[in-house]
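Input: a single structure, listed below in C-alpha cells.
Sequence positions, counted from 1, serve as the residue numbers for this chain. Order of listing sets the numbers, starting from 1, for every ligand and every atom in it. Treat the numbers as computed from the prediction; the structure is a model and nothing was measured.
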Amino acid sequence: MSAGRRGFASDNAATVHPAVLDSIARANVGHAFGYGHDPYTASVQGKVAAALGVPEASVFFVFNGSGANVLSLRAALRPWQGAIVSENAHLHTDEVGAPEAVAGAKLLLGETVDGKLTLAGLRRLIEKSNDEHSVRPGIVSLTQSTELGTLYSLAELASVVEVAHAGGLLVHLDGARLANAAAALGVGLAEVVAGVDLVSFGATKNGALGCEAVVVLNPSLQEGMLHLRKQTLQLASKMRFLAAQFDALLSGDLWLVNATHANAMASRLAAAVGQIDGVVLSRAPAVNAVFATLPPAARIRLLEEFDFYEWDETTGEVRWMCSWDTTEADIDEFAAAVRAAVASA
Ligand SMILES: Cc1ncc(COP(=O)(O)O)c(C=O)c1O
C-alpha cells in the first residue's frame, strides 16, 4: 500500500480522527502515575461505564480487539468450559487460536445464519450431553455488528441473552463495531449491551489510534480483572493515552457521528454498485460493510488501484469496508472504477 492511497480494506485502514490526536496531545502534559493509576484515566473509565448505561461497571482499557476478546473469555470461563461462537466470529477465524492458546478456552461453533448465532443452534449446544468427557459451554460470545456486516436486532439480542442465561451461561459481546451497530439500530450504546455480562468495546475502528476496552457489566466477574489484564499482556503503562482516545470519542457523541457517517458511506456505495450489471450485492448492507461478487477479472483490475479484501476465495466474494473518513468522493470514484472494471472484464 502506498501512502495516501484510498481504499476499502478495513475501518482500521482509516486515519485517526483529529479529535483523538488532539485529546492525546491534551493528555500529554505533566507526569501521571502509570498503569491507569491516575485520576484522568479513572474519569474516562467512568465516562465509558456511563455510556454503556451501567455506571458501576468496571472498565479496562486494552490495546486491541483480540486482546479484549481473549481477556473477556479468561475472565468468564472455568478451565473445563468453552465459548459458543458463530462460525464467522473473529475469535474463531482471526485470532490464531488465541482463545485456545491463551485463554485455554475451546470454541464451540454454533449454527450460524448471516453471521448470527441461531437460537435453535444455541439451545442444542446448551442442552447437549454434559458428562465429564465434554467441554461445557460457559459463555456465548456474539459479535455486534457481525463480521458479515449484519446486525442482531434488539429483540434477537435479548433472545440470545435469555437463552444463554436460562442455560446458566454468560454472554460476551464482541463490540469491535459496537458504535456502527448502535448507529444503525438508532439506539444508544446502552441498549445494544443490555443484559450482556461483558463487552469488548471497540474504539480503533471508530477513529481511535489503537484502543479498546473490556467493560465488565456483571459485577460477579470483576474479581481478578486487573491481574488478568496484566497476565494477558494488555496492561498499558502510559494508560492515560489510551483513556484519551475514548475520551475524544465519547465527547459530543463523536462515536455516533463517526459510525453514522461510515454506515452512510456503505449505503451510498451499495446503492451505486448495486446498479451495475455484473455486480451482485451478496448481503444486505446494514452497517459499514458492503459484500459483493463481481467478475474475477474486474476484481483483479480494481485491486491494482484500491485496497480491499477478497472475503471468500471459493465464491470470489469481496468486502468493501467504509470508515469514519471515507468521503462521498471516495465512493463516487470507486463506483465509477467498478463500473469501468466490470465493463472491460
Ligand atoms: C469483529 C472483530 N472483533 C475483533 C477485532 C479485533 O481485532 P484486532 O485484534 O486486530 O484489534 C476485529 C478486527 O478486525 C473484528 O473485526
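For atom 8 (P) of ligand 1, the closest non-hydrogen atom on the protein side is Gly65 N, 3.6 Å. The shortest contact between atom 15 (C) of ligand 1 and any protein heavy atom is with His90 CD2, 3.2 Å. The nearest protein atom to atom 3 (N) of ligand 1, hydrogens excluded, is given as Asp174 OD2, 2.7 Å; this is a heavy-atom distance. In this structure, atom 13 (C) of ligand 1 lies nearest to the protein heavy atom Lys205 NZ, 2.7 Å.
At least one heavy atom of Thr143 lies less than 4.0 angstrom from ligand 1. Ligand 1 has no atom lying under 4.0 Å from any heavy atom of Glu212.
Among the atoms of Asn12, none of the N or O lies under 3.5 angstrom from an N or O of ligand 1.
A donor-acceptor contact closer than 3.5 angstrom links the side chains of Ser200 and His172. The closest side-chain donor-acceptor pair between Thr232 and Arg74 falls under 3.5 angstrom.
With respect to the salt-bridge test (charged N to carboxylate O, under 4.0 angstrom), the residues Glu100 and Lys106 do not qualify. Using a 4.0 Å cut-off between a side-chain N of Lys or Arg and a carboxylate O of Asp or Glu, Glu333 and Arg6 do not qualify as a salt bridge. One finds no salt bridge joining Arg319 and Asp312 here, because no Lys/Arg side-chain nitrogen approaches an Asp/Glu carboxylate oxygen to under 4.0 Å. Taking the charged nitrogens against the carboxylate oxygens, Asp38 and Arg240 have no contact shorter than 4.0 Å, which rules out a salt bridge.
Heavy-atom proximity to Ser66, at under 4.0 Å, picks out these atoms of ligand 1: 6 (C), 7 (O), 8 (P), 9 (O). Interface atoms of ligand 1 facing Arg177, defined by a heavy-atom separation under 4.0 Å, are 16 (O).
Between atom CG of residue Leu73 and atom CD of residue Glu95 there is a gap of 8.5 Å, rounded to the nearest 0.5 Å.
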